[in-house]
Visitor: 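There's a structure below that I have some questions on.
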Amino acid sequence: MPDKPALEGLEHKWAARWEESGIHRFPRTAGGRVGVYSIDTPPPTASGSLHIGHVFSFTHTDLLARFHRMRGERVFYPMGWDDNGLPTERRVQNYYGVRCDPSLPYDAEFRPPAEGTAKSTKAADQVPISRRNFIELCRRLTEEDEQRFEEVFRFLGLSVDWRQTYRTIGDEARAISQRAFLNNLERGEAYQALAPSLWDVSFRTAVAQAELEDREQPGAYHTIAFAGPSEDVVIESTRPELLPACVALVAHPDDERYRDLFGRTVRSPIFGVEVPVVAHHLAQPDKGTGIAMVCTFGDLNDVVWWREFDLPTRTVIGFDGRIVPDAPDAITSESGRAAYAELAGKTVFSARAAVVEQLRATGALLADPRPITHPVKFYEKGDRPLEIVPTRQWYLVNGARDEVLRDRLLQRGRELQFVPEFMRVRYENWVTGLTGDWLVSRQRFFGVPLPVWYRVDEHGEVDHDEVLVPERDSLPVDPSTDVPPGFTEGDRGRPGGFVGEVDIMDTWATSSLTPEIAGGRYRGDGLWEAVFPFDLRPQGQDIIRTWLFSTLLRSELEHHELPWRTAAISGFIVDPDRKKMSKSKGNVVTPAAILEQHGSDAVRYWAASSRLGSDAALDVANPTQMRKGRKLAIKVLNAAKFILGLEAGALGTDAVTEPLDLGMLAALDRVVDDATRAYEAEDHARALELVEPFFWTFCDDHLELVKDRAYGLPGQGRDSAVAALRIALDTLLGLLAPVLPFAAEEAWSWSHDGSLHTSSWPVPTALGGDPELLTAAGEALIGIRRAKTDAKVSQRTPVASARITGPEQTVHRIGLVAGDVGAAGRIGSLSLDPGGDAVEVADVVFQPTES
RNA sequence: GGGCCUUUAGCUCAGUCGGUAGAGCGCCACGUUUACACCGUGGAUGUCACGCGUUCGAGUCGCGUAGGGCCCA
């Protein structure tokens with residue numbers, strides 16, 4: 001026991017000892033699922049640095065892990081790293097100064113031109129390398145990040161079993177991801193379709209509904225005249241450049257203005273294409289002129305109309321976001337084709353300007369463009385508006401087009417325990433609002449390849465309907481280098497041979513399988529049977545529509561059951577202005593510095609005092625919660641040092657005989673019961689809220705009240721005081737252990753051999769004391785202190801006599817502990833006098849002092 | 001436009017069954033004591049966003065309005 005206990009250095013000391021003793025390792029004993037508490041940990045993205053939000057939410061998870069471990073459960077707490085996906089790709093490009101070109105051959109001797117020192121992030125300055133070289137760099141860089149993340153998490157005190165880690169780009173994760181896809185394919189849940197897809201022109205990949213966001217963008221309404229049967233039909237459009245892609249006009253069926261036009265045709269200006277006028281309830285009569293262009297494709301409504309009216313496809317925007325070279329066949333006039341030729345190759349932006357000029361020249365533009373702002377769909381990671389282009393993609397069913405599946409998913413959502421409860425509606429809103437199946441293919445490089453090949457027919461044409469799949473035990477495969485069963489590399493691309501799929505899967509297609517990946521579903525070593533279904537899925541509220549939904553979907557399709565019992569949803573961190581902290585806003589603080597500055601226990605306290613689902617403010621300049629936590633941790637060390645330094649003749653529950661000691665333990669019993677219930681309900685903030693005030697009352701009042709006895713002559717009174725203090729200390733250390741694992745373990749180690757963090761969750765002593773005694777004594781103590789403060793004398797000033805009045809029952813209780821109260825107040829003669837509403841100390845006569 | 005959360009002391013937040021409004025920080029005063037100066041003790045501080053309703057009684061329950069935030073269109 002040190003002379004002057006301090007928090008500094010506890011993190012490294014105990015993290016190392018815990019690792020050495022292996023107390024956080026998942027015990028692989030027999031017994032299957034019984035007695036196991038398993039956690040489907042969120043894998044942080046390994047690109048760059050951890051966010052303070054990680055510290056916040058991972059602490060919440062760790063509180064539960066530690067509680068359940070202390071209760072003797074076998075806790076499965078793994079850690080995963082999400083190293084898949086675009087963030088990694090972009091980081092690797094910028095870090096190493098390279099870009100992926102899948103057509104290049106692998107170069108085993110390749111050395112990247114830069115190591116975090118690339119001067120330019122322009123594609124032209126980046127060295128093109130093969131997919132395999134690119135992936136090697138992705139793995140190398142993410143590994144370094146993961147190492148750093150692990151160090152921060154160990155310092156934070158996460159009780160993770162660090163042997164149970166996975167990477168979403170690892171062999172096992174890729175194999176599981178591909179296997180799950182093949183299972184979906186076999187059951188008819190995965191399919192390909194040539195369909196209009198939301199397309200990011202910068203990244204040149206399709207994106208899914210879950211990755212969309214609306215952004216307010218400036219735009220303009222253009223008033224354009226179409227030639228009608230009798231007179232001009234005037235539409236308003238924000239996308240005049242899509243005029244050559246126009247396939248119809250649409251108005252609401254009830255709109256009197258256009259009723260006569262339904263079923264007839266109008267002719268587009270400039271391009272002179274006859275298009276039908278159709279009626280549909282999605283058309284908005286109050287928007288613009290109430291009649292709108294249907295183009296292939298301007299927005300998602302266009303896709304609906306195109307599909308429902310079986311309209312032709314006139315694609316004008318290419319995968320690169322530029323106008324395609326060839327005009328749609330429907331444009332037959334010479335002038336129309338000449339006008340189109342002027343647009344070919346232009347970006348959407350400049351094509352718009354060109355069309356506006358053409359419209360002006362022909363007189364079809366009836367007014368100057370009218371500026372507006374309107375919501376435009378973006379890929380959440382992109383910075384150019386999405387286009388909609390027809391492509392062949394792979395889809396997974398998700399209930400959007402299948403009511404039976406949708407109802408099953410909603411039912412599962414009702415079976416899942418959400419903490420807090422109100423988060424369930426976000427899931428339900430998402431499931432009910434789905435508009436299409438899950439687009440899982442991505443035209444990117446670093447990720448899990450779709451594990452399929454296609455036959456090439458005798459004419460050398462790829463036949464996408466003839467899908468070749470790998471053997472299950474050959475997974476993971478890369479179809480661009482591996483060959484399908486029964487073929488050789490020589491058959492690649494040849495008539496009668498095969499071609500490999502080049503697309504990869506959506507990163508969520510892998511992340512949705514974290515239970516299977518973490519639980520080692522196919523390892524055959526019993527782990528899976530011991531941990532699935534998981535007890536806890538901790539995650540952020542922002543990824544309910546992605547991670548939570550997709551995991552639940554995969555589990556329903558594969559196992560017909562919930563992947564976990566409870567979803568614990570953390571809020572996020574906001575700065576003092578209530579703005580969500582995020583990288584893009586530049587108000588991010590790095591966790592390592594904060595942990596170093598305040599100490600891990602203090603930071604954990606800050607996190608623990610926020611309940612699940614509610615956002616927490618962090619004022620880095622004035623982190624009051626962290627200071628409070630730090631103060632608490634220091635107090636724990638000091639109180640423990642004091643109590644353990646006291647001598648006693650006998651310890652244990654039998655030695656506790658004095659009313660105040662029994663009363664204090666009875667009050668503590670209540671705290672143990674209530675805090676246990678709170679943790680059982682995943683309410684760590686409530687538990688802390690119960691334990692912390694008791695601990696302070698214990699230090700400020702009880703310790704002061706019994707100090708005299710504890711320091712006093714040997715005997716029953718002294719033994720009772722010290723025995724009760726030791727019991728209470730052990731109990732309080734246990735109750736605080738999840739929140740302050742370092743300080744609590746340090747203090748515990750001064751009087752125990754084993755770790756506090758295994759099987760030491762406190763239980764009530766049930767010695768039958770009066771739990772109100774301490775409160776009553778405390779009230780008396782406050783009165784005495786007030787009298788001394790009012791008299792501006794030291795608290796140690798002796799009092800010759802005093803009289804305590806108050807409610808009868810309280811005064812009676814004070815009488816039962818009058819010895820302790822008198823000793824703590826240094827009162828010679830204490831008289832008790834029932835009466836009045838509040839406890840008051842009157843007639844205080846200070847002892848005359850010599851000086 | 002729809003949904004959800006939120007509004008309590010200067011700040012950050014509790015307030016469980018509807019029964020006298022709470023904590024920490026900050027502020028003021030006092031004291032430095034034998035666990036603790038990263039200290040202790042005491043004190044002051046409220047239109048519980050607003051309105052209506054239910055009730056003997058509303059911070060708490062219901063309806064509505066406003067501000068803040070998030071998600072989805």
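These numbers come from a predicted model, not from an experiment. Each chain gets a letter, A, B and so on, in the order its sequence line appears, and its residues count up from 1.
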Visitor: For the pair made of CZ in A:Phe418 and C1' in B:C4, what is the distance, rounded to whole Å?
Guide: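 Checked: the CZ to C1' distance equals 13 Å.
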
Visitor: Over 60° means perpendicular and under 30° means parallel, so classify the ring planes of A:Phe549 and A:Trp430, tilted if in between.
Guide: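 The arrangement is perpendicular - the two ring planes meet at more than 60°.
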
Visitor: Name the nucleic acid region contacted by A:Leu637, choosing base, sugar-phosphate or nothing; use a 4.0 angstrom heavy-atom cut-off, strictly under.
Guide: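 The answer is nothing, as A:Leu637 stays clear of every strand by at least 4.0 Å.
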
Visitor: Would you measure the distance from the C1' atom in B:C39 across to the matching atom in B:U33 and give it in whole Å?
Guide: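 Their C1' atoms lie roughly 10 Å apart.
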
Visitor: For RNA chain B, what are the stems built from at least three Watson-Crick or G-U pairs in a row, each pair having both distances below 3.5 Å?
Guide: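 B:1-7 with B:66-72, B:10-13 with B:22-25, B:27-31 with B:39-43, B:49-53 with B:61-65 - these are the stems of 3 or more pairs that involve RNA chain B.
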
Visitor: Quickly, which of A:Leu665, A:Val706, A:Leu651, A:Asp661 forms a side-chain contact (heavy atoms from CB on, under 4.5 Å) with A:Leu725? Name it, please.
Guide: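 Among A:Leu665, A:Val706, A:Leu651, A:Asp661, the one that satisfies the side-chain contact (heavy atoms from CB on, under 4.5 Å) with A:Leu725 is A:Val706.
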
Visitor: Can you tell me the distance, in whole Å, between the CZ atom of A:Phe695 and the C1' atom of B:C36?
Guide: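 It is 10 Å, rounded to the nearest whole Å.
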
Visitor: Quickly work out the A:Lys287 NZ to B:A73 P distance and round it to whole Å.
Guide: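 It works out to 15 Å between those atoms.
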
Visitor: Starting from the 5' end of RNA chain B, give me the residue, A:Asp700 or A:Ala640, whose nearest nucleotide shows up first.
Guide: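 Result of the comparison: A:Ala640.
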
Visitor: Which part of the nucleic acid, if any, lies within contact of A:Arg826, taking any heavy atom under 4.0 Å across all strands shown: a base, the sugar-phosphate backbone alone, or nothing?
Guide: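 No contact.
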
Visitor: Does the side-chain contact (heavy atoms from CB on, under 4.5 Å) test come out yes or no for A:Lys13 and A:Glu746, once each step is laid out?
Guide: CA-CA 9 Å; A:Lys13 171 183 172 182; A:Glu746 171 74 8; 2.8 Å; yes

Visitor: Base, sugar-phosphate, or nothing: which does A:Gln284 touch, judged by heavy atoms less than 4.0 Å apart?
Guide: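 Touches nothing.
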
Visitor: Please give, in whole Å, the distance from B:G69 P to A:Phe422 CZ?
Guide: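 Value for this atom pair: 17 Å.
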
Visitor: Looking at B:G15, B:C38, B:G43, which one has an atom nearest to any side-chain atom of A:Arg786?
Guide: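 From the listed options, B:G43 comes nearest.
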
Visitor: Quickly work out the A:Leu632 CG to B:C39 P distance and round it to whole Å.
Guide: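 Whole-Å distance recorded here is 13 Å.
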
Visitor: Does this structure show an ion pair linking A:Arg630 with A:Asp601, if we count only N-O contacts that are shorter than 4.0 Å?
Guide: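 Judged by the 4.0 Å cut-off on N to carboxylate O distance, A:Arg630 and A:Asp601 do not form a salt bridge.
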
Visitor: When the C1' atoms of B:C63 and B:G10 are considered, how many whole Å apart are they?
Guide: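 Comparing C1' positions in B:C63 and B:G10 gives a spacing of 33 Å.
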
Visitor: Look at the side-chain N and O atoms of A:Lys631 and state whether any lies under 4.0 Å from the OP1 or OP2 oxygen of B:C25.
Guide: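 So the side-chain polar atoms of A:Lys631 do come within 4.0 Å of the phosphate oxygens OP1 or OP2 of B:C25, strictly under.
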
Visitor: Hey, which of these two, A:Lys635 or A:Glu213, hits RNA chain B nearer its 5' end, going by closest nucleotide?
Guide: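 Nearest-nucleotide comparison on RNA chain B picks A:Lys635.
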
Visitor: Examine the side chains of A:Trp438 and A:Asp506 and answer whether a donor and an acceptor come within less than 3.5 Å of each other.
Guide: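 Distance-only check passes for A:Trp438 and A:Asp506.
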
Visitor: Is any NZ, NE, NH1 or NH2 atom of the basic residue among A:Glu213 and A:Arg545 found under 4.0 Å from an Asp or Glu carboxylate oxygen of the other?
Guide: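 No, A:Glu213 and A:Arg545 are not salt-bridged.
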
Visitor: Starting at atom CG of A:Leu690, determine the distance to atom P of B:A23, rounded to an integer number of angstrom.
Guide: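 It is 16 Å, rounded to the nearest whole Å.
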
Visitor: For atom P, what is the distance between B:G53 and B:G42, given to the nearest Å?
Guide: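 To the nearest whole Å, 44 Å.
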
Visitor: Over all strands shown, is A:Gln795 touching base, sugar-phosphate only, or nothing at heavy-atom distances under 4.0 angstrom?
Guide: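 Answer is base: heavy atoms of A:Gln795 come under 4.0 Å of a base.
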
Visitor: Are A:Arg813 and A:Glu779 close enough for a salt bridge, meaning some N to O gap below 4.0 Å?
Guide: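 No.
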
Visitor: Among the nucleotides B:U33, B:G15, B:C30, which one has an atom lying closest to any side-chain atom of A:Arg611?
Guide: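 Nearest to the side-chain atoms of A:Arg611, counting from C-beta on, is B:G15.
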
Visitor: Take atom P in B:G62 and the same atom in B:G1, then report the distance between them in whole Å.
Guide: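 Comparing P positions in B:G62 and B:G1 gives a spacing of 26 Å.
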
Visitor: Take atom P in B:C4 and the same atom in B:G64, then report the distance between them in whole Å.
Guide: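 It comes out at 11 Å once rounded to the nearest Å.
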
Visitor: B:C72, OP1 or OP2 - any side-chain N/O from A:Arg545 closer than 4.0 Å?
Guide: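 Yes, because at least one side-chain N or O of A:Arg545 sits under 4.0 Å from OP1 or OP2 of B:C72.
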
Visitor: Counting side-chain heavy atoms from CB outward, which of B:C25, B:C38, B:U12 is closest to A:Thr624?
Guide: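 Minimum distance to the A:Thr624 side chain belongs to B:C25.
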
Visitor: From B:A29, B:G69, B:G3, pick the nucleotide closest to the side chain of A:Asp615?
Guide: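 Given the options B:A29, B:G69, B:G3, the side chain of A:Asp615 is closest to B:G69.
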
Visitor: Kindly point out which of B:G3, B:A14, B:C38 is positioned nearest to the side chain of A:Asn429?
Guide: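 The closest nucleotide is B:G3.
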
Visitor: Rounded to whole Å, how long is the line connecting atom CD of A:Glu211 with atom C1' of B:C72?
Guide: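 Answer to the nearest Å: 16 Å.
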
Visitor: Mind checking the C1' distance from B:G3 to B:G43? Whole angstroms is fine.
Guide: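 These two C1' atoms come out 47 Å apart once rounded.
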
Visitor: Regarding A:Glu428 and A:Arg412, does a basic nitrogen lie under 4.0 Å from an acidic carboxylate oxygen?
Guide: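 Result for this pair is no, no salt bridge flagged.
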
Visitor: Under 4.0 angstrom, heavy atoms only, what part of the nucleic acid is A:Lys707 near: base, sugar-phosphate, or nothing?
Guide: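 Base contact.
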
Visitor: Which whole number of Å gives the distance between the C1' atom of B:U8 and that of B:A23?
Guide: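 The same atom, C1', in both gives a distance of 13 Å.
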
Visitor: Can you tell which of B:C72, B:C38, B:G42 lies closest to the side chain of A:Glu8?
Guide: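 Between B:C72, B:C38, B:G42, the one nearest the side chain of A:Glu8 would be B:C38.
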
Visitor: Any donor-acceptor pair under 3.5 Å linking the side-chain atoms of A:Arg537 with those of A:Gln539?
Guide: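 Yes, A:Arg537 and A:Gln539 have a side-chain donor paired with an acceptor closer than 3.5 Å.
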
Visitor: Assess A:Lys707 against A:Phe642: is NZ or CZ under 6.0 Å from the centre of the six-membered ring, and within 45 degrees of the ring's axis?
Guide: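 Yes.
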
Visitor: Any idea if B:C17 is syn or anti, going by the 90°-from-0 cut?
Guide: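 That one's syn.
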
Visitor: Provide, to the nearest angstrom, the distance between the CG atom belonging to A:Leu725 and the P atom belonging to B:C36.
Guide: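 Value for this atom pair: 16 Å.
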
Visitor: Is the backbone of A:Gly571 close enough, under 3.5 Å, to the side chain of A:Asp615 for a donor and an acceptor to pair up by distance?
Guide: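 The answer is no, because no donor-acceptor pair under 3.5 Å joins these two groups.
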
Visitor: Counting only distance, no hydrogens or angles, is the base of B:C25 paired donor-acceptor with the side chain of A:Lys628 under 3.5 Å?
Guide: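 No, no donor-acceptor pair under 3.5 Å.
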
Visitor: May I ask you to verify if any side-chain N or O of A:Arg630 is less than 4.0 angstrom from the OP1 or OP2 atom of B:C38?
Guide: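 Checking A:Arg630 against B:C38: no side-chain N or O falls below 4.0 Å of OP1 or OP2.
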
Visitor: Which of the following nucleotides, B:G40, B:G3, B:G31, is nearest to the side chain of A:Ser794?
Guide: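 Among B:G40, B:G3, B:G31, the one nearest the side chain of A:Ser794 is B:G31.
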
Visitor: Out of B:A14, B:G42, B:C36, which nucleotide sits closest to the side chain of A:Thr789?
Guide: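 Of all the options, the side chain of A:Thr789 is nearest to B:G42.
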
Visitor: May I ask you to say what A:Asp214 touches in the nucleic acid, namely base, sugar-phosphate or nothing, with a heavy-atom cut-off under 4.0 Å?
Guide: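 Base contact.
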
Visitor: Sticking with atom P, work out how far B:A21 lies from B:A58, rounded to a whole angstrom.
Guide: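 Pairwise P distance, B:A21 against B:A58, rounds to 12 Å.
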
Visitor: A:Glu704 near the nucleic acid: base, sugar-phosphate alone, or nothing, with a heavy-atom cut-off under 4.0 Å?
Guide: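 The residue A:Glu704 makes base contact.
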
